[in-house]
Amino acid sequence: MAKSTTRDAQALIHSLRSAYAATPINLKIIDLYVVFAISTALIQVAYMATVGSFPFNSFLSGVLSCVGTAVLAVCLRIQVNKENKEFKDLAPERAFADFVLCNLVLHLVIMNFLG
């Protein structure tokens, strides 16, 4: 039973890797940005757990900024993906402009929340 589960897991990982190898380079760059944003949020949470959260607004602003940026990047990835038929009429430049504008609004709100 355990060998079958291990073999299935290895086959799943192999199929995911081969499918991701066919992903366009611009989507891989966006994926890397999302991983960076989430890892930065996790580092901030680990730092808060270790040292403390004296300026709690600063901690909350930093984590929400990272998570919000990651969410906006995922939305950008969905809009830029050529295989997604829902956004086929949307130009990639327009999607990127929306991403930049939403990031600007997000970070203005975050800076206001800092106090």
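Note that CG of Leu106 and CG of Leu101 are 11.5 Å apart. Values are rounded to the nearest 0.5 Å. For the atom pair CG (Asn81) and CG (Leu76), the distance works out to 10.5 Å, reported to the nearest 0.5 Å. The CG atom of Leu60 sits 11.0 Å away from atom OG of Ser65, with the distance rounded to the nearest 0.5 Å. Atom CD1 of Ile13 is separated from atom OG of Ser18 by 12.0 Å, given to the nearest 0.5 angstrom. How far CD1 of Ile78 is from CG of Leu90: 12.5 Å, rounded to the nearest 0.5 Å. The line from CG of Leu108 to CZ of Phe113 is 15.5 Å long, rounded to the nearest 0.5 Å.
Within the 4.5 Å cutoff, no side-chain heavy atoms of Gln10 are placed close to those of Ser15.
A chain of hydrophobic side-chain contacts below 4.5 Å, direct or via other Ile, Leu, Val, Met, Phe, Trp or Tyr residues, connects Phe96 to Val80. Follow the hydrophobic side-chain contacts under 4.5 Å out from Leu27 and you reach Val100 in the same cluster.
Closest approach of Pro92 to Lys82, counting heavy atoms only: CG-NZ, 4.0 Å. In this structure, Ala41 and Val67 approach most closely via the heavy-atom pair CB-CG2, 4.3 Å. For Gly62 against Gln44, the heavy-atom pair with the smallest separation is C-OE1, 2.9 Å.
Within the structure, the ring pair (Phe, Tyr, Trp, His ring centres under 6.0 Å) test picks out the following pairs touching residues 18-56 (sequence neighbours left out): Phe56-Phe59.
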Practice item. Give the intermediate values and the outcome of side-chain contact (heavy atoms from CB on, under 4.5 Å) for residues Leu114 and Ser58. Key: CA-CA 6 Å; Leu114 275 172; Ser58 299; 3.8 Å; yes
**OP:** Test Arg77 against Val34 for side-chain contact (heavy atoms from CB on, under 4.5 Å), laying out the working first.
**Re:** CA-CA 10 Å; Arg77 187 188 195 284; Val34 170; over 6 Å; no
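For the pair His107 (side chain) and Asn103 (backbone), a donor-acceptor distance under 3.5 Å is present.
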